[in-house]
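Keep in mind that this is a model prediction, so the values were computed, not measured.
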Amino acid sequence: MKQVKRGKGFLNTPGPTNVPDRVLSAMHTPAVDLNDPILLNTVASCFEDMKTVFRTRDGRIFMYITNGHGAWEAALVNILSPGDKLLVPETGNFSAGWRDVAAAYGAEIEEVPNDWRTAIDPAQIAARLAADKDQKIKAVLLVHTDTAVGITADVKAVREAIDKVGHPALLMVDTIASLGTVDFRMDDWGVDVAVAASQKGLMMPPGLGIVAASPRAIEAHRKATSPRRYWDWGARMEAESYRKFCGTAPEHHMFGMRAALDMLLEEGLENAFRRHQMLADATRAAIDVWSRGNALSFNAINPAERSNGVTTILVAEGYDGAAIREVAREVFQTGLGGGLGKLQGKAFRIGHMGDMNEPMLLGALAAVEASLTYLDIPYGKGGVDAAIQSIAHARRRQDQASSSITLVSPGTKPAA
């Protein structure tokens, strides 16, 4: 399948995502002295604006030179002591990953089992906490959007479930695949620790892990005894700027982050959420049509729980999800996500998050249809047409609501 390739390909993995030229240009900057005011001001403004993205007023921001797995670890070691008990709702592949990091630090794990096709039921969490009469469970680890399964959990409902039974457990939320793509309100929803990474909705290259900690989490940190040095919040809260990174700052990532935050805030968080909703709806419209061939189906059973950042598509027995991904990449220059964990080889994933617009998505959906045809996998015809209709109608509704453009009916001459 190797061939000479021309033009630009499409990147529709759920991470890494497309990095805007504006961000790349910002990173293409000579290194500066660590005490240069340009760098110091950039770092300070990024930390402050990340609070806006997390929607926290009193939370503290910590950034690490790492990926999301490192951010998991940073969050855990700052609030855990060996032997602490954690409640981990099963959301998919990534709840298991965060669970395993906690176990490596000596935490006692209690899981709330779930299938990989529906969101976790907050009532199950409430029941487990109510049964914890001695209140030994220190925290609930919740993945907001698990990219393996394409499902988004209801964080607000989980906090309400915790409060309903009067349990003091901290609520720790992985927003790695949700931040910047769907509404997240750290303060309003009572989230104590939020974890993120640079390479998804934040439109950055991989390399930065981000943690936001509430005052309650900072207090828990002061009592925690897990071994830590690089991850330690205490050292990073010192006044000197260099301590924010426990050493040399990732200058070029911070220059890129400044540009990415500028882009996100210029668009407006609510507008970014609407854009992701539109792209997700278009993807789902295509899959609705493709599924008529009885070879493809949504992994997420309930439409309301389907992620706005990534869609996981199951492949019927007898067909190979990995082959679809390989053909899309090698023949049609389109990067898709593969099935993870128990979905390996049984699914593929279409990412629609970050720096993405309608033509980019439509090109990727066309590449998926071409890959299905190439592999003789049956599918309902007209999926891309359905996506086009979905996008056009959504755009028209948005424009009519905002009166940003004047729509001219066919045959009507525009006013001079």
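Using a 4.5 Å heavy-atom cutoff, the side chains of Phe255 and Leu39 are in contact. You'll find the side chain of Ile287 reaches within 4.5 Å of the side chain of Ile313, heavy atoms only. Between Leu76 and Leu86 there is a side-chain heavy-atom pair separated by less than 4.5 Å. Within the 4.5 Å cutoff, the side chain of Met278 has no heavy atoms near those of the Leu361 side chain.
Within the 3.5 Å criterion, the main-chain N or O of Val384 finds a donor-acceptor partner in the side chain of Glu369. Judged purely by atom type and a 3.5 angstrom limit, Asp281 has no side-chain atom pairing as donor or acceptor with the backbone of Arg284. Side chain of Asp36 to backbone of Asp33: no donor-acceptor contact under 3.5 angstrom is found. In this structure a side-chain-to-backbone donor-acceptor pair under 3.5 Å is present from Asn78 to Trp233. In this structure, the side chain of Glu238 does not engage the main chain of Arg243 through any donor-acceptor pair within 3.5 Å. The main-chain N or O of Glu111 is never found under 3.5 Å from a side-chain atom of Glu90 such that the two would form a donor-acceptor pair. A donor-acceptor contact shorter than 3.5 Å is absent between the side chain of Arg258 and the backbone of Thr42. When atom types are taken as modelled, the side chain of Tyr64 and the backbone of Trp231 share a donor-acceptor pair closer than 3.5 angstrom.
Shortest non-hydrogen contact noted between Ala197 and Leu202 is O-CD1, 3.7 Å. Closest non-hydrogen pair, Val195 versus Gly68, comes out as CG1-O, 4.4 Å.
Classification of Arg222 and Glu219 as a salt-bridged pair holds, one side-chain N sitting under 4.0 Å from a carboxylate O. Between Arg395 and Asp399 there is no salt bridge, since none of the side-chain N atoms of the basic residue sits less than 4.0 Å from a carboxylate O of the acidic one. Using a 4.0 Å cut-off between charged nitrogen and carboxylate oxygen, Arg275 and Asp355 do not count as a salt-bridge pair.
For the residue pair Gln389 / Asp385, no side-chain donor-acceptor distance below 3.5 Å is found, with atom types taken as modelled. When only modelled atom types and interatomic distance are considered, Ser291 and Ser297 share no side-chain donor-acceptor pair under 3.5 Å. Looking at Trp189 and Glu160, their side chains never bring a donor and an acceptor atom within 3.5 Å of each other.
Of the listed residues (Leu365, Thr283, Val368, Leu336), just one forms a side chain to side chain contact (heavy atoms under 4.5 Å, CB included) with Asn12, and that residue is Leu336. No option in Asp188, Asp154, Asp192 other than Asp192 meets the salt bridge (charged side-chain N to carboxylate O under 4.0 Å, His left out) test with Arg159. Of the residues listed (Leu129, Leu170, Ile162), the one engaging Ile137 in a side chain to side chain contact (heavy atoms under 4.5 Å, CB included) is Leu129, and it is the only one.
Surrounding CG of Leu265 are more than 12 heavy atoms belonging to other residues, nucleotides or ligands, all under 6.0 Å away. More than 12 heavy atoms of other residues, nucleotides or ligands sit less than 6.0 Å from atom CD of Glu270. Crowding of Glu267 atom CD: a count of heavy atoms from other residues, nucleotides or ligands under 6.0 Å exceeding 12. Atom NZ of Lys346 sits in a sparse spot, with 12 or fewer heavy atoms from other residues, nucleotides or ligands closer than 6.0 Å. Within 6.0 Å of atom NZ in Lys156, 12 or fewer heavy atoms from other residues, nucleotides or ligands are found, so the atom counts as exposed in its surroundings.
Under the 6.0 Å distance and 45° angle rule, Arg117 does not count as a cation-pi partner of Phe298. Taking the ring centre of Tyr379 as origin, the terminal cationic atom of Lys381 falls inside the region bounded by 6.0 Å and 45° from the ring axis.
Taking the six-membered ring for Trp and thresholds of 30 and 60 degrees, Trp98 and Trp72 have nearly parallel ring planes, at less than 30 degrees apart.
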| message | Using the rule given for side chain to side chain contact (heavy atoms under 4.5 Å, CB included), can you reason through Phe184 versus Val53, listing the C-alpha separation, both sets of side-chain angles and the distance that settles it, and then say yes or no? | response | CA-CA 8 Å; Phe184 177 77; Val53 177; over 6 Å; no
